[in-house]
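What follows is a single structure, written as structure tokens, with notes after it.
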Protein chains: 2
Amino acid sequence: MLVALLDGRALPASELAAIARVKPPTASAHLAQLVAGGLVTDRRIGRHRYFALAGPEVAGAVEALQLIAPRRAVTSYSQSATARRLAEARSCYDHLAGRIALDLADALVAEGAISPLDAGEPGRLHATDGPLGVRLRLGEVGDVGTTGVRSRRPEVRGCLDWTERRPHIAGRLGSHLLAVLLADGWVARVPGDRSLRVTAAGREAFAALG
Amino acid sequence: MLVALLDGRALPASELAAIARVKPPTASAHLAQLVAGGLVTDRRIGRHRYFALAGPEVAGAVEALQLIAPRRAVTSYSQSATARRLAEARSCYDHLAGRIALDLADALVAEGAISPLDAGEPGRLHATDGPLGVRLRLGEVGDVGTTGVRSRRPEVRGCLDWTERRPHIAGRLGSHLLAVLLADGWVARVPGDRSLRVTAAGREAFAALG
DNA sequence: CGCACGATTCGCTGCCGGGCGAAGTGTCGT
DNA sequence: ACGACACTTCGCCCGGCAGCGAATCGTGCG
């Protein structure tokens with residue numbers, strides 16, 4: 001777990017459990033000890049709990065131990081092919097995550113379509129008439145579903161991206177964006193995996209929009 | 001046990017058992033594991049068996065762990081007479097350690113000769129023209145050996161002093177300082193021991209320099 | 001040669017701590 | 001209001017390891 005956290009990212013408990021190949025209760029107990037011992041810090045966001053190394057001294061100790069530890073098959077998460085795909089683009093619940101999601105969020109903030117994002121906090125959808133707003137049909141975000149029932153889900157919400165430690169777009173807008181990107185064939189689901197593939201058409205379209 | 005070996009000395013099994021406050025069979029089993037794991041090397045001399053750290057990586061790992069470990073009362077070792085001598089002045093690999101090393105480091109920092117030390121981190125050698133810098137010939141530190149080969153060893157490095165838990169001077173400067181102090185007769189080696197004796201001349205010289 | 005001493009091996013005990021399934025808690029979304 | 005989900009707590013089992021006493025091995029010294 002500590003090795004997985006070496007690059008400074010914050011990872012949720014479930015992810016650390018999977019990396020360590022143990023069940024959630026075991027991971028929870030172990031993480032509790034790491035926190036009690038001051039090796040990692042935790043940050044609760046919604047129903048997730050993100051863990052990160054407590055400081056550079058801890059990272060130094062882990063690295064020093066790696067130097068004298070017998071080499072193990074580093075099937076470590078950070079270098080496998082699927083890990084790279086996940087870091088690039090993936091779905092997070094019903095919205096987009098990964099590098100591409102952050103780029104998209106930055107672009108929308110720059111266009112003035114949304115307020116700057118804060119992890120876990122609700123945001124506001126402002127102008128929907130910029131180039132991106134028109135192309136991505138942001139105007140439709142207001143009316144959710146056909147029931148006419150006003151959802152309590154905020155129209156925009158920041159959701160901490162665990163690969164980059166910055167918030168990407170969740171909420172109704174996040175859901176809408178993923179649906180549009182899938183419908184228009186810019187990204188495609190990869191079976192058996194949460195990762196998403198950016199299609200050739202998508203790559204072209206993103207480039208055209210800057 | 002590893003902490004006791006941090007200064008590079010080789011200690012017999014019985015000594016390590018006493019330091020760890022365990023009986024000989026326990027120490028023997030533990031040391032066997034340390035040897036098997038490649039953390040320490042052993043050397044049989046007569047009916048004794050001396051153990052030492054396997055290398056600087058191991059020392060680095062132990063030091064890194066000390067930085068994040070809660071402080072413990074180091075009771076056992078700190079009371080014997082030889083322990084007091086070791087705490088005062090000793091060699092650590094090829095450089096100076098102990099109280100005197102820390103005083104020297106503080107004085108050099110105060111004079112602006114070196115940047116404040118950080119355990120395990122490389123530092124910089126700045127002015128060499130202060131009273132201490134001139135007296136200790138810090139100007140010679142730059143040219144290492146006669147080969148002209150640029151050593152990758154940093155000119156200054158912080159090395160955690162296990163008696164005081166503060167960094168003293170290692171690196172090329174540390175090596176240089178010990179060589180100068182020995183050459184000028186300020187300190188002298190004590191046979192059969194890593195401890196150093198501050199000579200009368202040395203005491204006088206240190207006092208004169210503040 | 002025999003004793004003293006350092007170190008090791010053997011057998012045993014106590015216990016800590018990792019690991020899991022099942023059930024509970026809080027949050028999110030419909 | 002309700003179900004889904006992330007995480008935690010509880011209770012339990014089990015393996016392994018630290019630690020020791022007694023006996024053994026090997027070396028050095030008288």
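Order of the sequence lines fixes the chain letters, A, B, ..., with proteins taken first and strands second; residue numbering starts at 1 for each chain. These figures come from a predicted structure and were not determined experimentally.
Nearest heavy atoms, A:Ala4 versus A:Leu16: CB-CD2, 4.5 Å. The nearest pair of heavy atoms linking B:His168 to B:Ala101 is CB-CB, 3.9 Å.
Within the structure, a side-chain polar atom (N or O) of B:Ser14 is placed less than 4.0 Å from OP1 or OP2 of C:dA7.
Rounded to an integer number of Å, the gap from B:Met1 CE to C:dA7 C1' is 13 Å. We find that CG of A:Leu31 is positioned 15 Å from C1' of D:dT9, with the value rounded to whole Å. At whole-Å resolution of the value, CD1 in A:Ile45 and C1' in D:dC7 are 15 Å apart. Residue B:Tyr50 contributes atom OH, which lies 16 Å from atom P of D:dT27 at whole-angstrom precision. Rounding to whole angstrom units, NE2 of residue B:His48 and C1' of D:dC29 are separated by 12 Å. Between the P atom of C:dT8 and the CG atom of B:Asp42 lies a distance of 9 Å, rounded to the nearest Å. One atom, CZ of A:Arg172, and another, C1' of C:dG29, lie 12 Å apart when rounded to the nearest Å.
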_I'd like to compare against my own output: the B/S/- annotation of nucleotides 10-24 of chain C with a strict under-4.0 Å heavy-atom distance to protein._
--------SBBBB--
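Here B:Ile19 contributes atom CD1 and B:Glu15 contributes atom CD; the two are 5.5 Å apart, rounded to the nearest 0.5 Å. To the nearest 0.5 Å, atoms OH (A:Tyr50) and CD1 (A:Ile45) are separated by 6.0 Å. The CD atom of B:Gln66 lies 10.0 Å from the CG atom of B:Leu2; values are rounded to the nearest 0.5 Å.
A:Arg47 contributes no side-chain N or O that forms a donor-acceptor pair with the base of D:dC7 under 3.5 Å.
Side-chain contact between A:Val180 and A:Trp186 is absent, with no heavy-atom pair separated by less than 4.5 Å. Two residues are said to be in side-chain contact when any heavy atoms from C-beta on lie closer than 4.5 Å; A:Asp184 and A:Leu136 fail this criterion.
Residue B:Arg43 qualifies as open at atom CZ: its count of foreign heavy atoms under 6.0 Å is 12 or below.
One end of the helix from C:dC1-D:dG30 to C:dT30-D:dA1 points its axis 30° away from the other end's axis, with each axis taken from 5 pairs and the angle rounded to 10°.
The list of side-chain hydrogen bond (donor to acceptor under 3.5 Å, both in side chains) pairs with a residue in residues 103-115 of chain A, not counting sequence neighbours, reads A:Asp106-A:Arg166.
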